[in-house]
Amino acid sequence: MDKAVALARRMAAGEALTGGELLTLLEQRTAESAEILRAAAVETARKTFGNRVYLRGLIEFTNYCKNDCYYCGIRCSNQKAERYRLTPEVILACCDAGYDLGFRTFVLQGGEDSWWTDDKLCSLIAAIKENHPDCALTLSIGERSRDSYAALKQAGADRYLLRHETANACHYRRLHPPALKLENRIRCLYDLKDLGYQVGAGMMVGAPGQTLANLVEDLQFLQKLQPHMVGMGPFLRHRDTPFANEPDGSAELTLYLLSMVRLLLPKVLLPATTALGTVLEGGRERGILHGANVVMPNLSPADVRSKYLLYHDKLATGAESANGLAQLRRNLKAIGYEAVVARGDAPTL
Ligand code: 5AD
């Protein structure tokens with residue numbers, strides 16, 4: 001029997017693997033080891049979540065960003081990006097529309113935009129929570145000070161997504177300009193956890209310069225951090241970035257890793273990402289069938305959706321209309337899952 005199959009069986013049985021073993025499981029992966037992990041991951045997700053898939057309404061509220069990450073289409077040096085910033089009124093209207101469609105979690109995602117001071121964000125958060133006290137609010141707005149995170153939490157934010165991007169300091173430097181430090185990113189994640197947020201970390205699969213050993217470090221970092229959520233999708237190039245000519249990340253490896261993450265963190269909230277849906281036809285459904293349990297359709301207004309381009313050909317489907325949402329529900333139903341209307345908090349770890 002090949003090594004990866006034996007290791008996949010052990011992982012599926014709930015055994016902890018060493019870093020070396022995780023690396024072998026990645027390096028020597030086969031269709032058979034993938035299927036063992038996949039089946040066990042789906043079973044594991046079912047134990048906690050049944051056949052329920054949580055929907056989150058994503059609102060991409062600003063694409064201004066002060067950072068210059070080499071992979072990202074909204075990096076500050078990309079002069080071609082058409083910048084936009086939604087007004088608080090428009091954001092509140094997106095939430096109202098999302099609420100009527102059945103969403104009970106809103107994710108406010110944006111670049112690191114200094115226009116959005118703590119005061120402005122706090123007023124916005126308070127207004128959303130006042131209009132929709134039964135909804136959870138997730139922020140995904142990058143690195144801030146501990147005091148800022150505390151103020152946003154106090155105003156009513158419940159969750160925070162901040163992918164660590166890579167747990168390896170050298171690889172981190174390959175992806176980011178010198179001003180950005182892995183250390184600070186990790187500090188942010190621990191501050192957020194400490195302040196009582198439900199926290200999401202994660203990485204891109206196939207980011208330039210990434211080795212399989214780096215991915216093992218990512219998995220081990222996630223195990224140590226014990227986040228409530230893990231966001232993970234393939235790297236996809238954007239033509240107006242320094243990584244324009246780098247190859248896209250693989251859907252196959254992303255699916256394999258989704259199964260591994262599900263087995264390592266059985267109760268984690270694990271989205272089938274837009275990037276996965278972009279590289280692979282039916283990618284989000286495939287993600288669910290590899291252990292994911294969250295989908296984040298886009299609630300941003302149609303006219304700005306095409307401007308929030310982190311990468312090329314980004315899938316812009318989802319809940320842009322009641323029709324889009326009905327289609328998503330049907331797709332999930334077709335694979336035996338039910339899209340649920342619920343806050344979908346992280347189960348106690
Ligand atoms: N391809 C895939 N994912 C990307 N992200 C940013 N740029 C890209 C890209 N080119 C991801 C990062 C970030 C999240 C919001 O989107 O991991 O944390």
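Counting starts at 1 for both ligands and their atoms, following the listed order. Count residues from 1 along the sequence.
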Point to revise | Nearest protein heavy atom with distance in Å, relative to atom 7 (N) of ligand 1 | key: Tyr71 CD1, 3.3 Å

Exercise for review: For the pair His164 and Phe221, name the ring-plane relationship: parallel under 30°, tilted 30 to 60°, perpendicular over 60°.
Suggested key: tilted

Check your understanding: What residue and atom, counting heavy atoms only, is the protein's closest point to atom 5 (N) of ligand 1, and at what distance?
Key -> Met204 SD, 3.8 Å

Check your understanding: Salt bridge check: are Asp345 and Arg159 linked by an N-O gap of less than 4.0 Å?
Key -> yes

Check your understanding: Nearest protein heavy-atom contact for atom 14 (C) of ligand 1: which residue, which atom, what distance?
Key -> Arg163 NH1, 4.1 Å

Study note, to complete from the structure: Cys72 heavy atoms within 4.0 Å reach ligand 1 at atoms 7 (N)

Exercise for review: Considering only NZ, NE, NH1 and NH2 on the basic side and carboxylate oxygens on the acidic side, decide whether Arg185 and Glu143 come within less than 4.0 Å.
Suggested key: yes

Point to revise | Pro234 near ligand 1 by a heavy-atom separation under 4.0 Å | key: yes

Review point. Do Asp118 and Ser148 have side-chain N/O donor and acceptor atoms under 3.5 Å apart?
Key: yes

Review point. When you check the side-chain N and O atoms of Asp158 and Gln198, is any donor under 3.5 Å from an acceptor?
Key: no

Check your understanding: Taking the inter-plane angle between the rings of Phe49 and Tyr54 on a 0 to 90° scale, is it parallel (under 30°), tilted (30 to 60°) or perpendicular (over 60°)?
Key -> perpendicular

Exercise for review: From atom 1 (N) of ligand 1, work out which of Leu310, Leu276, Leu236, Leu161 has a heavy atom at the shortest distance.
Suggested key: Leu236

Practice item. Heavy-atom contacts with Glu165 under 4.0 Å: which atoms of ligand 1 show up? List them by number with element. Key: 12 (C), 13 (C), 17 (O), 18 (O)

